[in-house]
Amino acid sequence: MKWTKRVVKHVIEGLFTLSGGVTSLAILLIVVFLFKEGTGLFSSPVLERGYTLCVNAANPVECLDARQIKQLFDGEITEWQEVGGKEGEIVLFRFEEVFSLYGEEELGEEYALLPRRLEEIVAKTPGIIAFLPDEYLPAGEEIVKRLVAGNISPAQFFGGGEWQPTAGPAPRFGVLPLILGTLWVSLFAIFLALVPGLGVAVYLAELADDRTRQWLKPMIELLAGIPSVVYGFFGLVVLVPLIQRVFDLPVGESALAGSVVLAIMALPTIITIAEDAMRGAPRALREASLALGATHWQTIYRVVIPCASSGITAAAVLGIGRAVGETMAVLMVTGNAAVMPRSLFEPVRTIPATIAAELGEAPAGGTHYQALFLLGCILFAITLVINLSAEVIATRKQGKGLGV
Amino acid sequence: MNKKVKQAVAFTFFRLLGLLVVGILCWILGFIVYNGIGVINWEFLSSSPEEGMSAGGVFPAIVGTLWLIAGSIAVAFPVGVMSGIYIHEYLGNRWIVRVIRVMTNNLGGIPSIVFGLFGMALFVQAFGFGDSILAGAFTLGLLILPLIIRTTEEALKAIPDSYRAGSYALGAGKLETIFRVLLPVAMPNIITGLILSVGRVSGETAPILFTVAAYFLPKLPNGVFDQVMALPYHLYVIATSGTDIEASRPMAYGTALVLIIIVLLMNLLAAASRVYLGKKVKMD
């Protein structure tokens with residue numbers, strides 16, 4: 001009997017030990033999976049997968065980068081000389097055009113003759129650049145030359161100002177507008193929430209009697225408990241039309257709407273943490289201040305608030321963290337235009353909203369999919385830095401702001 | 001200005017801010033309740049969406065959310081409680097505790113959409129669960145794990161060491177002390193945390209977007225490998241992308257109200273359990 005008991009004891013304690021490491025394991029797995037998928041982006045071709053750019057074999061151009069390809073297909077570059085070729089006009093050719101040049105019979109059964117026809121077209125036009133699916137690529141390199149397009153580089157990704165993940169022939173993955181959009185909306189939200197949040201924290205920590213606190217605290221907890229999709233819905237049907245009317249905008253979905261919703265959502269975080277910090281102010285300091293003849297209010301802003309300054313900073317930082325990661329509410333009210341934020345009254349798009357809106361349409365393992373995972377990595381990194389710094393700030397020596 | 005006047009001005013300002021926050025809460029709750037109360041009746045709660053989700057009810061979404069709650073609790077509760085016990089009762093105060101605590105806090109701070117991405121990569125694809133209750137439950141389980149670990153730790157921390165010493169003095173081993181003395185005393189607080197995490201799970205949308213939620217699926221799930229509808233995702237769908245957004249507004253108000261009621265109920269339950277179970281343990 002004794003040894004079974006001992007085995008059971010060891011098994012249970014083993015389970016405890018395993019469980020103790022579960023959060024660390026989860027974080028490790030999250031990092032591994034996000035980065036594995038995300039960094040795959042940098043070994044992905046610039047072009048849409050399964051397609052190749054071809055030119056006439058007589059053309060000396062060997063490779064093009066993503067920006068050149070885009071400008072070329074947008075009609076901003078029209079001369080081969082501009083991309084290092086010979087003199088001559090660029091003739092754009094998209095794969096679909098072949099169907100208007102040749103009838104069904106000429107393409108043969110099951111498009112068997114299609115590669116041959118494409119070859120003819122390329123041979124006929126010296127200045128051509130053709131965007132063709134690999135499936136129907138003409139064989140041989142004597143007449144049709146394949147261009148090397150290269151891979152997506154980190155510089156393009158982190159420094160790029162355009163996010164057009166479904167643009168052809170070369171999708172654009174530039175995260176700057178998304179990062180700036182996220183920071184823009186979140187920082188303004190904290191700007192809105194900070195004064196009311198700290199004010200309520202002062203009220204709760206210093207002024208309210210027990211009975212008031214007893215019903216105010218649960219209300220703030222409730223504010224934190226309301227699902228973000230409900231906030232988003234409320235923003236969509238109340239705030240968005242309100243903002244549109246008050247500021248006379250063409251659309252109410254804007255950075256401002258996102259900031260207001262996020263400010264409301266960040267309030268409970270800020271209030272709770274700042275209140276805890278203010279309560280932590282040593283009683284001796286408080287009484288010393290009162291004994292010197294300071295009023296209650298003077299004591300609050302000369303002693304309690306400086307004393308709680310690290311906790312208050314941590315509250316603001318964690319509020320930003322909450323706002324940066326918020327997905328559904330922002331997705332529903334900001335209008336989601338992937339452009340550089342210029343004002344509060346225009347639609348913007350944040351990183352989480354981008355992931356939520358686009359992941360469903362991105363084929364698993366594709367370039368777009370990898371780009372969204374890399375966005376997830378960025379978001380993860382941002383919130384990690386925010387959480388760690390909040391922790392460092394909060395554990396800083398209390399009373400530093402007083403110079404004690 | 002006199003310092004007394006200054007104080008009066010400042011304090012009035014803070015009182016007004018307090019009122020402002022209460023006002024915002026009442027505005028949101030009042031708006032949803034006012035618009036949604038007329039929609040909710042037995043039929044709304046017990047039938048499937050009809051006519052492009054502009055009529056009918058939310059029954060499949062309620063069932064789906066219940067599945068997800070049960071699943072994620074089944075995943076997170078045992079692991080979370082054991083983890084809390086290990087951290088507080090076995091590790092004591094070593095440096096490793098700080099590392100684990102930092103990790104737990106960070107896991108709690110990760111945005112929910114990142115959990116969604118991770119759940120999709122690991123559970124849906126690497127483990128091959130597909131879009132299923134199982135994948136969703138694991139993803140949501142990870143999301144609430146830090147909350148459960150933290151409440152367990154706090155609950156154990158609140159128990160005076162004399163309980164432990166008393167138990168050892170009577171000849172009980174460590175495990176017996178944990179299961180017979182510490183857990184029963186800590187349970188009310190742990191259950192409070194559990195109830196709050198139920199509220200959290202029922203409202204989360206981002207983690208289930210790509211792991212379990214179905215756009216429209218009137219049939220109920222047969223097992224853990226099925227997709228389900230869920231209330232928060234259903235609200236998102238009918239608020240933003242239904243076939244006829246104006247016509248489905250009443251449905252959206254109703255769904256939002258159901259969500260709010262669940263959250264309210266969970267908060268009330270948590271408060272009640274704090275009071276009721278707390279008393280019961282003391283009497284024993």
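A, B, ... follow the sequence lines: proteins, then strands. Residue 1 opens every chain.
- If you tally non-hydrogen atom pairs under 4.5 Å between each of B:G119, B:A121, B:C26, B:G84 and chain A, the highest count goes to B:A121.
- Minimum heavy-atom separation, A:M332 to B:A239: CE-CB, 3.8 Å.
- The main-chain N or O of B:M82 is never found under 3.5 Å from a side-chain atom of A:S19 such that the two would form a donor-acceptor pair.
- No part of A:L25 comes within reach of chain B, as not one of its non-hydrogen atoms sits under 4.5 angstrom from that chain.
- Heavy atoms closer than 4.5 Å to chain B are found in the side chain of A:L236, but not in its backbone.
- By number of non-hydrogen pairs under 4.5 angstrom with chain A, the leading residue of B:T255, B:I24, B:L235, B:I87 is B:L235.
- In terms of heavy-atom pairs under 4.5 angstrom with chain A, the leader among B:L25, B:V79, B:L16, B:I260 is B:L25.
- Using a 4.5 Å cut-off between heavy atoms, A:L34 contacts chain B through its side chain alone, with no backbone atom that close.
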Step-by-step ring-ring contact (aromatic ring centres under 6.0 Å, His included) determination, B:Y236 to A:F233: CA-CA 8 Å; B:Y236 170 64; A:F233 178 61; over 10 Å; no

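- The candidate with the highest count of non-hydrogen atom pairs below 4.5 Å against chain B, out of A:K36, A:E37, A:K9, is A:K9.
- Within 6.0 Å of CH2 on B:W95 lie no more than 12 heavy atoms contributed by other residues, nucleotides or ligands.
- When heavy atoms are compared at a cutoff of 4.5 Å, B:V99 does not approach chain A at all.
- Interface check for chain B: of the options A:L359, A:I226, A:V195, A:L15, the most heavy-atom pairs under 4.5 Å are formed by A:L359.
- Note: A:Y203 and B:F11 fail the aromatic proximity criterion, with ring centroids not under 6.0 Å apart.
- Looking at A:T17, the atoms closer than 4.5 Å to chain B (heavy atoms on both sides) sit in the backbone and in the side chain alike.
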Verdict with reasoning, A:W297 to B:F14, per ring-ring contact (aromatic ring centres under 6.0 Å, His included): CA-CA 11 Å; A:W297 168 232; B:F14 292 138; 5.5 Å; yes

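- Taking all atoms of both residues into account, the shortest heavy-atom contact from B:L122 to A:F33 is CD1-CZ, 3.1 Å.
- Looking at A:L216, only its side chain comes within 4.5 Å of chain B, counting heavy atoms on both sides.
- Interface remark: B:A126 contributes side-chain atoms only to the contact with chain A (heavy atom separation under 4.5 Å).
- The shortest non-hydrogen separation linking B:I28 to A:Y231 is CD1-CE2, 3.6 Å.
- Distance CG/B:L209 to OG1/A:T327: 8.0 Å, rounded to 0.5 Å.
- For A:M328, the part lying near chain B is the side chain, with the backbone staying farther off; criterion is any non-hydrogen pair under 4.5 Å.
- Within the 4.5 Å cutoff, no side-chain heavy atoms of B:L142 are placed close to those of A:T23.
- The candidate with the highest count of non-hydrogen atom pairs below 4.5 Å against chain B, out of A:L18, A:T383, A:V200, A:I27, is A:I27.
- Contact record, A:G325 with B:I113: O-CG2, 4.5 Å, taken as the closest heavy-atom pair.
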Step-by-step side chain to side chain contact (heavy atoms under 4.5 Å, CB included) determination, A:I220 to B:V22: CA-CA 8 Å; A:I220 288 162; B:V22 173; over 6 Å; no

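- The greatest number of non-hydrogen atom pairs below 4.5 Å with chain B, out of A:V8, A:L388, A:L207, is found for A:L207.
- For A:G20 against B:S83, the heavy-atom pair with the smallest separation is CA-OG, 3.7 Å.
- Residue A:I12 touches chain B through its side chain alone, counting heavy-atom pairs closer than 4.5 Å.
- If you run side-chain contact (heavy atoms from CB on, under 4.5 Å) between B:I32 and each of A:V230, A:V238, A:V237, only A:V230 comes through.
- Neither the backbone nor the side chain of A:Y301 comes within less than 4.5 Å of any heavy atom in chain B.
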Trace of the side chain to side chain contact (heavy atoms under 4.5 Å, CB included) decision for B:V21 with A:L223: CA-CA 9 Å; B:V21 171; A:L223 205 59; 4.1 Å; yes

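- Neither the backbone nor the side chain of B:L19 comes within contact range of chain A, judged by heavy atoms closer than 4.5 Å.
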Intermediate values then yes/no, side chain to side chain contact (heavy atoms under 4.5 Å, CB included), A:L222 and B:V263: CA-CA 8 Å; A:L222 192 59; B:V263 171; 4.2 Å; yes

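- Contacts of B:I262 with chain A are absent, with no heavy-atom separation under 4.5 Å from either backbone or side chain.
- Neither the backbone nor the side chain of B:Y233 comes within less than 4.5 Å of any heavy atom of chain A.
- With a threshold of 4.5 angstrom between heavy atoms, A:I264 approaches chain B through side-chain atoms but not through N, CA, C or O.
- Per-residue counts of heavy-atom pairs under 4.5 Å with chain A were compared for B:R200, B:K4, B:Q125, B:E89; the largest is that of B:Q125.
- Listed here is the closest heavy atom pair of A:P196 and B:L20: CB-CD2, 4.3 Å.
- Interface check for chain B: of the options A:E206, A:E221, A:E13, the most heavy-atom pairs under 4.5 Å are formed by A:E13.
- At least one donor-acceptor pair under 3.5 Å links the side chain of B:Q7 to the backbone N or O of A:H296.
- If you take CG on A:L372 and CG on B:L117, they are separated by 7.5 Å, rounding to the nearest 0.5 Å.
- Using a 4.5 Å cut-off between heavy atoms, B:N267 touches chain A through its side chain atoms alone.
- Rounding to the nearest 0.5 Å gives a distance of 6.0 Å between CG of B:L175 and CZ of A:F16.
- When the candidates A:L267, A:L204, A:V324, A:L331 are compared by the number of heavy-atom contacts under 4.5 Å with chain B, A:L331 comes out ahead.
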